[in-house]
Amino acid sequence: MFATRNAIKIAARSFSTASPLQSKVAVLGAAGGIGQPLSLLLKTNPRVTELGLYDIHNTPGVAADIGHINTLSQVSGYTAKDQDGLKKALEGAELVVIPAGVPRKPGMTRDDLFNTNAGIVRDLAQACAEVCPKAKLLIISNPVNSTVPIATEVFKKAGVYDAKKIFGVTSLDLVRASRFVGEKLGKITEVPVVGGHAGVTIIPLFSQVSGLSLTDAERDALTHRVQFGGDEVVKAKDGAGSATLSMAYAGARFADSLLRAEAGEDVLEWAFVRTDLFKNEGLEFFSTYVKLDKNGVKEILPLPQNISEYEKELVKKAIPELKKSETKGVSFVGNN
Ligand SMILES: NC(=O)c1ccc[n+]([C@@H]2O[C@H](COP(=O)([O-])OP(=O)(O)OC[C@H]3O[C@@H](n4cnc5c(N)ncnc54)[C@H](O)[C@@H]3O)[C@@H](O)[C@H]2O)c1
Ligand SMILES: O=C(O)C[C@H](O)C(=O)O
């Protein structure tokens with residue numbers, strides 16, 4: 001389950017500044033709380049040459065607004081009312097980012113969103129499988145631990161599945177962990193976060209951060225804050241939704257990583273992907289260290305051998321939770 005760490009370089013990142021390749025990015029759910037700032041950040045990324053924005057409503061306004069920003073990429077916006085609107089947004093896409101779906105309100109778990117969001121993700125994944133089967137899918141819609149298995153099953157059914165190209169975006173957990181540790185260290189450093197994207201399945205690996213020394217109480221508190229950072233925002237927004245701006249930042253950062261890998265850079269990321277790491281436990285999806293190349297996942301790296309006993313226990317606790325969500329997603333597509 002755990003293997004040697006292989007000199008993995010963990011470095012703070014910034015967005016690309018290199019000259020662009022041809023890269024169309026589609027955003028599904030582009031008029032939403034995440035969709036709008038995410039589209040804005042993608043418009044400012046020089047690697048993005050075209051943006052295809054889709055939502056059930058309001059997308060033309062978002063596209064017109066963002067389209068005035070003086071970068072070279074072209075922007076178009078489609079709604080469900082446009083004939084073939086979804087198809088037009090997806091055609092030729094290299095990346096498809098999916099933040100479509102409802103967010104949490106106080107008192108809800110991410111799994112409480114399943115009944116609404118499972119069908120949305122299934123239908124959007126179906127359109128991707130038909131229109132741009134070779135695109136990389138970046139799934140933000142919650143519950144990620146189930147929506148990624150859902151998209152996977154849709155692609156399998158359509159006969160176009162490539163495990164290297166479907167990602168659950170867990171970057172917000174990394175951004176949060178980095179920020180919370182940054183408050184302690186007085187500098188921003190990358191903190192690996194593995195597992196999944198809900199409560200106890202979110203596992204920050206503080207053991208991998210050099211120069212960070214925590215008492216057990218500090219470690220417990222920091223782990224809890226990363227695991228339940230989403231709830232902090234849901235509570236503060238008091239019924240108006242969940243994290244949107246930090247998620248847009250994290251999603252744009254992950255999209256940028258894939259675009260940099262597309263351009264030939266060696267990129268190490270963390271994402272919720274199909275993996276054999278926990279095959280013996282019957283688990284197919286886990287967020288772990290992923291090397292990226294132009295085809296998506298180049299290599300999935302095992303968890304570092306030197307993670308702490310505390311972190312090993314967190315992994316053990318996460319596995320049954322992850323398995324439940326995975327099975328729920330797979331069954332949903334099987335039964336619908
Ligand atoms: N992965 C993460 O770390 C993370 C972080 C934050 C939020 N989320 C999730 O992202 C999702 C979106 O959050 P939000 O705050 O942007 O919500 P929001 O309600 O503000 O926006 C969602 C958008 O999706 C659109 N939509 C709904 N059905 C659609 C469909 N069939 N096709 C296209 N668009 C559709 C809506 O019209 C809306 O504009 C939620 O499920 C939320 O839980 C995930
Ligand atoms: O907490 C949520 O429901 C949204 C998101 O998954 C988050 O981590 O902020």
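Just so you know, ligand 1 is whichever comes first in the structure, and atom 1 is the first atom listed for that ligand. The structure displayed is predicted, hence computed values, not measured ones.
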> When you measure from atom 6 (O) of ligand 2 to every protein heavy atom, which one gives the shortest distance, and what is it?
His197 NE2, 2.5 Å

> Among protein heavy atoms, which lies nearest atom 18 (P) of ligand 1, and at what distance?
Gly33 N, 3.8 Å

> Hey, which atoms in ligand 1 end up nearer than 4.0 Å to a heavy atom of Leu124?
32 (N)

> Verify, without hydrogens or angle tests, whether Gln36 (side chain) and Val62 (backbone) share a donor-acceptor contact under 3.5 angstrom.
no

> Can you see whether Tyr310 engages Asp216 through a side-chain donor-acceptor pair at a distance of less than 3.5 angstrom?
no

> Tell me, which protein residue and heavy-atom name are nearest atom 6 (C) of ligand 1, and how many Å apart are they?
Ala243 O, 3.2 Å

> Relative to atom 27 (C) of ligand 1, which among Gly85, Gly101, Ala198 owns the nearest non-hydrogen atom?
Gly101

> For Ser287 and Thr170, does a side-chain donor sit closer than 3.5 Å to a side-chain acceptor?
yes

> What protein heavy atom lies closest to atom 39 (O) of ligand 1? Include the residue and the distance to one decimal.
Asp55 OD2, 2.7 Å

> Considering the options Glu50, Arg47, Lys24, Lys43, which one meets the side chain to side chain donor-acceptor pair (under 3.5 Å) requirement together with Ser73?
Lys43

> Taking only heavy atoms of Leu113, which atoms of ligand 1 are found under 4.0 Å from at least one of them?
43 (O)

> Using a 4.0 Å cut-off to any heavy atom of Asn142, which atoms of ligand 1 qualify?
4 (C), 8 (N), 9 (C), 41 (O), 42 (C), 43 (O), 44 (C)

> Using a 4.0 Å cut-off to any heavy atom of Tyr54, which atoms of ligand 1 qualify?
32 (N), 33 (C)

> Could you tell me which atoms of ligand 1, counted from 1 in the order shown, lie closer than 4.0 angstrom to a heavy atom of His57?
37 (O)

> Which protein heavy atom lies closest to atom 1 (O) of ligand 2, and at what distance to 0.1 Å?
Arg104 NH2, 2.6 Å

> Which residue supplies the protein heavy atom nearest to atom 31 (N) of ligand 1, what is that atom called, and how far is it?
Ile120 CG2, 3.7 Å

> What is the nearest protein non-hydrogen atom to atom 7 (C) of ligand 1, stated with its residue, atom name and distance?
Ile34 CD1, 3.3 Å

> Would you mind listing which atoms of ligand 1 come within a distance below 4.0 Å of any non-hydrogen atom of Asn117?
41 (O)

> Asp82 side chain to Thr79 main-chain N or O, any donor-acceptor pair under 3.5 Å?
yes

> Just heavy atoms, cut-off under 4.0 Å: does Arg110 contact ligand 1 by side chain, backbone, both, or neither?
neither

> Which residue holds the protein heavy atom closest to atom 1 (N) of ligand 1, what is that atom called, and what is the gap in Å?
Ile140 O, 3.0 Å

> Looking only at protein heavy atoms, identify the closest one to atom 15 (O) of ligand 1 and say how far it is in Å.
Thr244 CG2, 3.4 Å

> Nearest heavy atom to atom 7 (C) of ligand 2: which of Glu232, Arg176, Lys235, Lys237 does it belong to?
Arg176

> Taking Lys88 for its side chain and Gln83 for its backbone only, find out whether a donor-acceptor pair lies under 3.5 Å.
yes

> Taking 4.0 angstrom as the limit and counting only heavy atoms of Gly230, give me the atoms of ligand 2 inside it, by number and element.
1 (O), 7 (C), 8 (O), 9 (O)

> Give the single entry among Gly32, Pro103, Ser242 that approaches atom 19 (O) of ligand 1 most closely by any heavy atom.
Pro103

> Number the atoms of ligand 2 from 1 as they appear, then name those within less than 4.0 Å of a heavy atom of Ala243, with their elements.
9 (O)

> With heavy atoms of Val144 as the reference, note each atom of ligand 1 found under 4.0 Å away.
1 (N)

> To which of Ala30, Gly230, Ala100 does the heavy atom nearest atom 34 (N) of ligand 1 belong?
Ala100

> May I ask you to check whether over 12 heavy atoms, not counting those of Gln74, lie within 6.0 Å of atom CD?
no

> Need the ligand 2 atom indices (1-based, order shown) with element for anything under 4.0 Å from a heavy-atom of Leu172.
7 (C), 9 (O)

